[in-house]
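Notes to accompany the following structure.
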Amino acid sequence: MRRLNTFLKKRTAVLLISACVVAALWPFGSVEAQNGVYAIRNARIVTVTGATIERGTVVIRDGKIAAVGENVSVPGNARSIDARGMSVYPGLIDSGTTIGLTEIGSIRETQDMTELGDFNPHMKAIVAVHMHSEIIPVTRANGTTTVMTSPRGRLIPGQAALINLDGWTWKEMALKASVAMAMEYPSVGGRGRGGFGFFAPQGGQDQRRQQRERLESLRKKLEDAQAYAKYLDARARDKSIPARDTDLVLEALVPVVKGEMPVIMSASRAADIKGAIELAEKYKLKLIIRGADEALEVAALLKEKNVPVIIGPSTDLPRGEDADYDETFSFAGKLHKAGVKFAFQSNDAAYARSLPYEAGTTAAFGLPKEEALKAVTIYPAQIFGVDNLVGSIEVGKIANLIVTDGDPLEFKTNVKHMFINGQPVSLSNRHTELYDKFKNRP
Amino acid sequence: MKRFKTVFLFVLVAALVVAAQAQQGNSSGETLIRNATIMTASHGTIENGSILIRNGKIAAVGKDVKAGPNAKIIDATGMYVTPGFIDAHSHTALDAINEGALSVTAMVRNLDVINDTDINIYRQLAGGTTTIHPMHGSANSIGGQNVILKLKWGKSAEEMIFPDMPRTIKFALGENPKRRGNPTVPGQSARFPATRMGVEETIREAFVQGREYMKKWDEYEAAIKRGEKPLPPRRDLKLDAIADILRGKLLVHSHCYRSDEILMLINLADEFGFKIQTFQHVLEGYKVAKEIAAHGAGGSTFSDWWAYKIEAYDAIPGNAAIMLHKGIVTSINSDSADLARRLYQEAAKTIKYGNLTDEEALRLVTLNPAIQLKIDNRVGSIDVGKDADLAIFNGHPFSVYSRPEMTLIEGEVYFDRKADIARREQLAKEKKDLIEREKKMSGRGPERPETPDEGPPIDDPKGHNHR
């Protein structure tokens, strides 16, 4: 512990010399040249995928988890944390945010989520991620190491990125730069809020016609992309086929219609979820549903088709005046019982730090605690196809870890240390700095 | 279609009322909550304790409490009891929130627009909240007069109004009141003020007028006392309110964000000789906590809201803790129908962000807001003589894994999770029946609306579409 503190102090000194605010928030880089071996000793290790180790060691080497266990020898060159009384968890994963794409809600100039036009599959969230957003260290402080950040808006708003919340460049941050294509299923009269069941606003004739037209234009775009993919394949085999001009929109959809890049389809109503599943079957899309407010009504179908859903925030108000008062709190537990695979999202940026508490709250209303934890660790990793890299404490995975003084889903728990890509990351942020400054105001 | 929704809601409300009343048969007798962990908010935590309720009041609290033979018993083994939560900043149960046409609307009253069928009342009850302070909005520098309600779901608006309710009024500083001075919609006319300078001037002008108005009435009343027969001054409802602020009869709760505007209002209040009862939101209160404490105002803030606008960019979740430690009576409020359902969680977050004790955190949502609203003689802690407004949890209220099981107001059970769950099947059946009936009625009878896709009738008496 003392060694780590000394090392942290040294690092801070280096940063002070650099006298750069940005650097102060991102103090990990300066250690890269030093050795990358760390050991977290005497910790309770909650691996998530395997049994919990009551007292053991995690060894980190070159950004990866090198060893985990009760009787693991600590390499001589390791920087060591004595984590007696503390627990190690995998870093938490938020399955839906706008982190890096927004800063201050009411200020248009800070919004980079929604491009003009209906079809923007060639827009990539990753290239617009503001690495030095104040929201990033604030989010880290409560244990989240990795987030899906996504464009939003029109029919195809663009490519979502899975990013680690640490890096000097967005390339360093990217865990999977284009993790999925964000799409929004055309709905009638909003996104499932403000009405209920039979009495829900059905929308006027105009709205229904508009929905059909939008759905039709989405289908057509997917068919064009299929044709474009066919052309690319054909030309790859046979150069005599005349070349056509590159179409960036269709090109971006090729991995989607080939089923290589999943689609995160925002759909809330049961009818829309069904529609999205039909669309996915027809065009062989790898489907993830996001939002999914009425998923329980189509739970059997979701289970049968093996379609995972991203849900949350779990503390939203119930959707209708006659809904159960705990509708949103108990939703996750019911989905679990119905056998639907799901992960939690904050669906926000500034409030993404509350993801652990939103997950935890569902466990007060029917979801088993360990499932709540899985839905912010290994399940999102599985849903995004990166469970070989993150989401649990297993040898060979990326060392995205948190060391806490308790259950990370509990309000009172403090995150004491965080590692991203095997590097210790600062947990101070705009809020802790202002707190420290003004707490001591004379 | 809307009409059927309304009918349906009436039936639903009626069903809930009947169910609620069925549980309240014992209102004048004794109730004993026994074997609970009691978090009093005023004098620590009592393990394996009991609370005796008589005539709606707390008659005894402690380890060794005896009840009469006919007392209703609530066995709370393994459970936690806290005072019912008090939300010092709410907009629940109001049919209208902002009268924003003028910069000063001190004459309007939320008391006149209480919506006692707002479903959020029940949802908040289910979160252990028992008293709320529904406030006028923040559209203008001096807004309207607020109301304080007990969440007696199923009762009328009149019955929900807090007994001997202290009168409070909303002020607002910063971005919100100056927004209308900087219209973004083309063609919309601007309303003064457009800057923080103008906000100060708007309030100053109101108090200059109010002071002169008060003087006229004081002189008039003095003349009457002397036996003269003077002409009364012309009655002005707006200035009546301002005069009442100066007389200390109407308490100011001011929306604010930035530290400079907080200092501005303190300066102005000191100059005119009135007190700010509570700074609401007060996200930069931590920067000027010393000055707020010196003025004697309270601070009612959010646990962790920030970055939604530029004046909230310096908001920190340690705000409540710093204000508290600098001697300010501090509360955490919701300003939201969602957060008002889980004030206990909002308080719990502050333990982490500001290193508070459990009791300090509990007071943020019980005793302290009661003090801010001047109702702490009746509510806010579990003490003998106070109203039996209580929340019962299945675990420690500051654990994320706990939930409220039961909420009492004046000794009556207004929320019981078990009863709520037991009712669900019946309500679902009733809903289904109504839908079937509606379907059968389709296409016949004069009642059928001709164009179901249109909005509600414009004379919709409940104004369900007011937001």
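Letters A, B, ... are given to chains in the order of the sequence lines, protein chains preceding strands, and every chain is numbered from 1.
Taking chain B as the reference chain and counting heavy-atom pairs below 4.5 Å, the highest number among A/Ala349, A/Gly105, A/Ala372, A/Ala364 is found for A/Ala364. If you tally non-hydrogen atom pairs under 4.5 Å between each of A/Lys369, A/Lys437, A/Glu103 and chain B, the highest count goes to A/Lys369. For the options A/Thr110, A/Leu409, A/Asn414, heavy-atom pairs under 4.5 Å to chain B are most numerous at A/Leu409. When B/Asn319, B/Val400, B/Ile316 are compared by the number of non-hydrogen pairs under 4.5 Å with chain A, B/Val400 comes out ahead. For the set A/Ile135, A/Thr315, A/Thr413, the count of heavy-atom pairs under 4.5 angstrom toward chain B peaks at A/Thr315. In terms of heavy-atom pairs under 4.5 angstrom with chain A, the leader among B/Ala126, B/Ala348, B/Pro317, B/Ala312 is B/Pro317. Contacts with chain A were tallied for B/His325, B/Lys287, B/Lys290; B/Lys287 has the most, counting heavy-atom pairs under 4.5 Å.
Interatomic distance, A/Asp322 CG to B/Leu427 CG, rounded to the nearest 0.5 Å: 8.5 Å. Distance check: A/Tyr357 OH to B/Glu346 CD gives 11.0 Å after rounding to the nearest 0.5 Å. In this structure, the separation between CD1 on B/Ile310 and CD1 on A/Ile104 is 3.5 Å, given to the nearest 0.5 Å. Here the straight-line distance linking atom CZ of B/Arg341 with atom CG of A/Asp326 works out to 9.5 Å at 0.5 Å rounding. Separating the CG atom in B/Asn355 from the NZ atom in A/Lys439 is a distance of 8.0 Å, to the nearest 0.5 Å. To the nearest 0.5 Å, atoms CZ (A/Phe411) and NZ (B/Lys349) are separated by 6.5 Å.
Judged purely by atom type and a 3.5 angstrom limit, B/Lys309 has no side-chain atom pairing as donor or acceptor with the backbone of A/Ile107. No donor-acceptor pair under 3.5 Å is formed between the side chain of B/Arg403 and the backbone N or O of A/Thr361. Counting only distance, with no hydrogens or angles, the side chain of B/Arg123 and the backbone of A/Tyr325 share no donor-acceptor pair below 3.5 Å.
In the model, A/Glu410 has no side-chain atom that pairs as donor or acceptor with a side-chain atom of B/Tyr401 under 3.5 Å. In this model, a donor atom of one side chain and an acceptor atom of the other lie less than 3.5 Å apart for A/Asn142 and B/Tyr353.
A/Lys412 and B/Asp358 are joined by a salt bridge, as a carboxylate oxygen and a charged side-chain nitrogen come within less than 4.0 angstrom of each other. For the pair A/Arg441 and B/Glu291, the salt-bridge criterion is met [side-chain N within less than 4.0 Å of a carboxylate O].
Looking at B/Ala321, only its side chain comes within 4.5 Å of chain A, counting heavy atoms on both sides. Residue contact with chain A, scored on non-hydrogen atoms closer than 4.5 Å, is absent for B/Asn394. The part of A/Ser354 that comes within reach of chain B is its side chain, from C-beta onward, which places non-hydrogen atoms under 4.5 angstrom from that chain. At a 4.5 Å heavy-atom cutoff, the contact between B/Ser402 and chain A is made by backbone atoms alone.
Geometric assessment of A/Arg430 against the ring of B/Tyr313 yields a positive cation-pi assignment under the 6.0 Å and 45° thresholds.
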Quiz item: Taking it one step at a time, do A/Asp324 and B/Ile421 satisfy side-chain contact (heavy atoms from CB on, under 4.5 Å)?
Solution: CA-CA 9 Å; A/Asp324 295 340; B/Ile421 288 169; over 6 Å; no

Exercise. Could you please spell out the steps behind the side-chain contact (heavy atoms from CB on, under 4.5 Å) verdict for A/Arg353 and B/Trp306?
Key: CA-CA 11 Å; A/Arg353 65 166 154 201; B/Trp306 74 295; 3.3 Å; yes

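Between B/Trp305 and A/Tyr351, the ring planes are tilted. Angles from 30° to 60° get that label.
Annotation: side chain of A/Asp316 is not in contact with side chain of B/Asp338 (no heavy-atom distance under 4.5 Å). Side-chain contact between B/Lys326 and A/Phe438 is absent, with no heavy atoms from C-beta onward closer than 4.5 Å.
More than 12 heavy atoms of other residues, nucleotides or ligands sit less than 6.0 Å from atom CZ of B/Arg424.
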